[in-house]
Amino acid sequence: MDSPLPHSLSNTVLLGKKSRNLAHSFMAQLASSGERIHIFDCAIRFNIFSITQFLNDRPLVALHNIEIQRAFTPYQLLDSLSDLITEDIDPHIFPLIVFLSPAKQFFDKDVKPKEREHLLFDLIFKLEKIHAKGFRFLIVESSRKDNPLYNSYIERLHKRFGAIEKAKERMELDNGQDNLTLFSAD
């Protein structure tokens, strides 16, 4: 069966405050149209009530198209990705993979900064591997944080897989610069 997921949305990053809500809406629409979805819930972000609310009057049998796998630590997520890379799995019959907040646990206070940097590098490396193998996926992350490593991680995801985020409106600041750069708006 051909995927009802538009090509521009596969292997993409959803960013922003409303990204989780948008992802749940996509998942409900896709599941109700017969698309199988495998969710890596990395920060207890999956909300079954949102899915049923989005399904509204459509048959709840669509819920049978959704598989949920929890990853409570960065190591569990990385191990699961390693399994997708090494096991003999046909990516064309595997469900669409949705990663809900995969970086959240990497920024847990128990993960040391140097280890965090290494693990995030490993995460991106493994995502590239599953992408190269042909798996379809969406990565859902929250809005940017005041953490240079997190922002660097988001930029690397954006460069490798593309991103959907609400465009920020350019505004000139009092000092002649604009809000998106360090340079003047001229």
Side-chain angles (χ1 to χ4, degrees), residues 1-72 74 76-106 120 122-143 153-154 156-166:
M1 168 171 55
D2 288 332
S3 169
L5 182 70
H7 177 68
S8 62
L9 289 182
S10 61
N11 305 325
T12 301
V13 182
L14 296 177
L15 295 173
K17 290 180 181 178
K18 303 267 185 195
S19 61
R20 200 172 347 135
N21 193 33
L22 181 60
H24 280 81
S25 171
F26 281 153
M27 288 186 282
Q29 290 173 23
L30 293 170
S32 69
S33 66
E35 177 82 24
R36 290 179 42 235
I37 302 165
H38 185 97
I39 300 166
F40 277 97
D41 187 0
C42 302
I44 310 176
R45 297 294 191 251
F46 181 70
N47 185 342
I48 188 66
F49 300 110
S50 282
I51 298 288
T52 57
Q53 184 179 13
F54 284 120
L55 287 172
N56 199 9
D57 59 345
R58 289 174 279 192
L60 292 181
V61 73
L63 295 176
H64 293 281
N65 291 326
I66 300 174
E67 303 168 356
I68 303 166
Q69 179 176 351
R70 294 258 162 89
F72 294 107
Q76 289 175 335
L77 176 59
L78 293 172
D79 286 347
S80 294
L81 290 175
S82 292
D83 290 345
L84 287 175
I85 294 165
T86 59
E87 290 181 8
D88 189 24
I89 300 171
D90 183 354
H92 302 293
I93 61 169
F94 198 80
L96 169 71
I97 303 168
V98 178
F99 296 96
L100 295 177
S101 302
K104 176 82 168 87
Q105 305 131 323
F106 292 73
L120 282 170
D122 200 24
L123 173 62
I124 291 173
F125 176 77
K126 289 181 181 196
L127 288 170
E128 288 173 333
K129 288 283 192 192
I130 67 167
H131 177 260
K133 197 170 176 181
F135 287 95
R136 299 170 307 125
F137 58 85
L138 295 175
I139 301 169
V140 183
E141 288 286 7
S142 64
S143 55
Y153 157 77
I154 293 296
R156 283 186 267 163
L157 287 179
H158 183 265
K159 284 180 183 174
R160 284 167 175 80
F161 307 114
I164 299 173
E165 60 183 325
K166 185 177 179 183

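Note: hydrogens, waters and symmetry copies are ignored here, and every other heavy atom, side chains too, is used.
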Give the intermediate values and the outcome of side-chain contact (heavy atoms from CB on, under 4.5 Å) for residues Ile68 and Ile48. CA-CA 10 Å; Ile68 303 166; Ile48 188 66; 5.7 Å; no

Taking only residues two or more places apart in sequence, or in another chain, which ones meet Asn56 in a side-chain contact (heavy atoms from CB on, under 4.5 Å)? none

Side-chain touch Val140/Val13, heavy atoms, less than 4.5 angstrom: no

What are the two closest non-hydrogen atoms of Met27 and Ile51, and how far apart are they? CB-CD1, 3.8 Å

Test item: Arg45 side-chain N/O and Pro102 main-chain N/O as donor-acceptor pair under 3.5 Å: no

My understanding is that only residues two or more places apart in sequence, or in another chain, count here; which of them pass salt bridge (charged side-chain N to carboxylate O under 4.0 Å, His left out) with Arg70? Asp41

Distance alone, cut at 3.5 Å: any donor-acceptor contact between the side chains of Ser33 and Gln29? no

Listing request: all side chain to side chain donor-acceptor pair (under 3.5 Å) pairs with a residue in residues 82-94, at least two apart in sequence or in separate chains. Ser82-Lys126

Find the distance between CG (Leu127) and CD1 (Ile139) and round it off to the nearest 0.5 Å. 4.5 Å

Phe26 side, atom CZ; Asn21 side, atom CG - distance, nearest 0.5 Å: 11.0 Å

Derivation and outcome, side-chain contact (heavy atoms from CB on, under 4.5 Å), residues Phe99 and Leu81: CA-CA 11 Å; Phe99 296 96; Leu81 290 175; 3.6 Å; yes

Ring-plane angle category for Phe161 and Phe137, please: parallel below 30°, perpendicular beyond 60°, tilted otherwise. perpendicular

Considering residues at least two apart in sequence or located in another chain, which fulfil the side-chain contact (heavy atoms from CB on, under 4.5 Å) criterion with Asn47? His24, Phe49, Ser50

Results of salt bridge (charged side-chain N to carboxylate O under 4.0 Å, His left out) for Lys104 - residues two or more places apart only: none

As an exercise, state the distance from CZ of Phe135 to CD1 of Ile97, rounded to the nearest 0.5 Å. 5.5 Å

What's the separation between atom CD in Glu67 and atom CD1 in Ile39, rounded to the nearest 0.5 Å? 9.0 Å

Could I get the full list of side-chain contact (heavy atoms from CB on, under 4.5 Å) partners for Ile124, not counting sequence neighbours? Glu128, Tyr153, Arg156, Leu157, Arg160

Considering the options Leu14, Ile37, Leu30, Ile66, which one meets the side-chain contact (heavy atoms from CB on, under 4.5 Å) requirement together with Val98? Ile37

Give the minimum heavy-atom separation between Ser101 and Cys42, together with the two atoms involved. O-CB, 3.4 Å

Taking 4.0 angstrom as the limit, do Glu141 and Arg20 come out as a salt bridge? no

Flag, side chain of Gln76 to backbone of Phe72, donor-acceptor distance under 3.5 Å: yes

Will you find, in the side chains of Gln69 and Ser80, an N or O donor that is under 3.5 Å from an N or O acceptor? yes

How far apart are the closest heavy atoms of Ile85 and Lys129, and which atoms are they? CD1-CB, 3.5 Å

When you look at NZ of Lys18, are more than 12 heavy atoms from neighbouring residues, nucleotides or ligands closer to it than 6.0 Å? no

Return yes if some donor-acceptor pair links the side-chain N/O of Asn65 with the main-chain N/O of Arg36 below 3.5 Å, else return no. no

